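For reference, the structure discussed in these notes is given below.
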2 protein chains.
Amino acid sequence: MADTAGSRARNRYTVEQRRAEILNATRDVVLRLGFGGTRVRDVADELGVSNGLIHYHFASKDELLAETLRFAANDDIARLEEAVDTARPALERFDRMLRNYLPGPGDVSWRLWIDAWGEALRNENLKEISQELDEAWVALLERVIRDGVHEGAFTCENPRASAWRIAALMDGLGLQVVLHRSTMSRTQMLEHARTLAAIELGLERKAFPARR
Amino acid sequence: MADTAGSRARNRYTVEQRRAEILNATRDVVLRLGFGGTRVRDVADELGVSNGLIHYHFASKDELLAETLRFAANDDIARLEEAVDTARPALERFDRMLRNYLPGPGDVSWRLWIDAWGEALRNENLKEISQELDEAWVALLERVIRDGVHEGAFTCENPRASAWRIAALMDGLGLQVVLHRSTMSRTQMLEHARTLAAIELGLERKAFPARR
DNA sequence: TCCGTTACTGACTCTCGAGTCAGTAACGCT
DNA sequence: AGCGTTACTGACTCGAGAGTCAGTAACGGA
């Protein structure tokens with residue numbers, strides 16, 4: 001009675017495991033085909049299960065896509081927070097955020113976000129989720145700046161405004177790199193981000209590490 | 001013989017006029033429904049013509065959407081160039097670009113662009129067009145910076161890099177305002193853009209006009 | 001050992017939308 | 001006036017995809 005679901009979990013999937021597995025697969029499919037281009041069938045095929053199973057766990061395709069976005073968002077934020085929590089001093093912590101947030105070689109989640117922005121124009125669920133992630137990200141950036149100021153590593157008059165500017169710059173840069181790779185390299189992108197950051201935090205440009 | 005098409009144009013549409021009219025209507029529809037959500041039928045209804053007429057002028061829906069994007073892009077660039085050509089001195093010219101590029105109250109074309117970015121992830125035609133617009137816009141910004149430096153109004157070491165940073169920041173800001181209006185007002189957005197611009201161009205922040 | 005429940009199947013329905021096509025009417029040209 | 005051309009119509013086809021549902025097999029509990 002204490003754990004009715006758990007007792008079945010030994011050799012079978014629980015509902016929660018299955019849902020997570022489906023969300024995971026959906027993310028992969030959406031990365032290939034986009035929100036608009038993803039069919040329920042594609043997700044089923046990805047897992048080698050039946051079409052009907054997806055509808056068994058998710059009431060509609062819309063719900064599936066919205067939950068997939070939230071799932072991916074939580075992942076991204078968790079990854080960033082982890083990067084922040086483990087690094088010091090302040091400058092390394094900050095730079096690690098930049099490197100983690102900006103799109104990297106194997107990075108795919110940017111594609112998801114760019115796609116989600118477009119979809120969010122017409123879908124309230126997605127709009128809400130993308131806004132949540134955005135605010136969480138700016139808040140994290142602001143926190144790292146404030147901590148740095150506290151430690152005496154940075155000088156910054158208005159951490160909130162600086163965080164917004166840096167976040168906006170990085171969104172714009174990431175967009176360029178992911179969408180039109182030819183126009184800008186990751187190196188240049190990092191260079192731009194660090195240049196603005198140095199200005200905003202009252203540092204010398206060369207204070208930043210050369211790491212990519 | 002000199003003008004076979006023109007002779008019919010007196011009381012009838014030429015093919016070119018019709019195409020332009022359809023592209024115009026398509027843009028309006030796409031703004032409401034997005035690239036993914038626009039049906040050929042919606043465009044026909046917008047003009048009060050038949051479904052078949054759209055296919056008479058455009059081979060496929062894909063072609064229609066791609067040409068619509070190009071049509072809108074040309075419009076946007078022309079508007080920016082006009083703003084630049086007529087304004088002086090350099091600072092007013094630059095500020096006018098900012099005000100014109102950033103999303104305004106009645107501005108809708110941003111919605112089109114955000115949507116196009118997402119679509120471009122999977123559509124080579126749209127990707128190419130959005131890249132063209134982007135490069136034209138950065139080139140224009142760079143030109144205005146160089147001219148300002150020439151006139152002695154600005155100080156800027158690397159106009160190309162500064163143009164990229166300002167452009168990226170503005171893309172990021174515009175995205176915020178259009179997508180999550182609550183998180184940032186146009187006033188704040190302009191404030192952020194001018195703050196970065198002042199830094200990049202070696203100016204005092206208060207050198208900029210207060211115009212919105 | 002039987003039985004109710006639950007996770008799952010896959011064929012089906014039903015809607016929707018892109019593209020087609022036979023037909024039409026107005027035009028300009030001869 | 002007669003004729004070929006052209007812009008346009010709207011009913012149709014055809015494929016595709018979301019969601020349904022009757023059926024099934026494995027489970028745990030009584």
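Residue numbering restarts at 1 for every chain, and letters A, B, ... go by the order of the sequence lines. What you are looking at is a predicted structure, and each value in this text was computed from that prediction instead of being measured.
If you check dG19(C), dA11(C), dC8(C) against the side chain of L53(A), the one that comes closest is dC8(C). The nucleotide whose nearest atom lies closest to any side-chain atom of R39(A) is, among dA18(D), dT20(C), dT6(C), dA18(D). Proximity note for H55(B) (side chain, C-beta onward) versus dT9(D), dG19(D), dG19(C): the nearest is dG19(C). Ranking dA7(D), dA11(C), dC8(C) by closeness to the Y56(A) side chain, first place goes to dC8(C). Here the nucleotide nearest the side chain of S50(B), chosen from dG19(C), dT9(C), dC8(D), is dC8(D). Set against dC8(D), dA18(C), dC8(C), the side chain of R18(B) has dC8(D) as its closest nucleotide. Of the candidate nucleotides dG19(D), dA7(C), dA7(D), dA7(D) has the atom lying nearest to any side-chain atom of V15(B).
For the pair R41(B) CZ and dC12(D) C1', the computed distance is 12 Å after rounding to whole Å. Distance, L47(B) CG to dA7(D) C1': 14 Å, rounded to whole Å. Per the geometry, CD belonging to Q17(B) stands 15 Å off C1' belonging to dT6(D), to the nearest Å. In this structure, N51(B) atom CG and dT13(D) atom P are separated by 15 Å, rounded to whole Å. Residue D42(B) contributes atom CG, which lies 8 Å from atom P of dA18(C) at whole-angstrom precision. To the nearest angstrom, P of dT6(D) lies 16 Å from CZ of R19(B). Regarding H57(A), its NE2 atom lies at a distance of 16 Å from the C1' atom of dG19(D), rounded to whole Å.
A perpendicular orientation is assigned to the rings of W110(B) and Y101(B), their planes being inclined by more than 60° (bins at 30° and 60°).
Residues D76(B) and W113(B) have side chains that bring a donor and an acceptor to within less than 3.5 angstrom of each other. For the residue pair H192(B)/R165(A), the side-chain donor-acceptor check at 3.5 Å is satisfied. A donor-acceptor contact under 3.5 angstrom links the side chains of S130(B) and H180(A), judged on distance only.
R96(B) and E82(B) are not joined by a salt bridge, as no carboxylate oxygen comes within less than 4.0 angstrom of a charged side-chain nitrogen.
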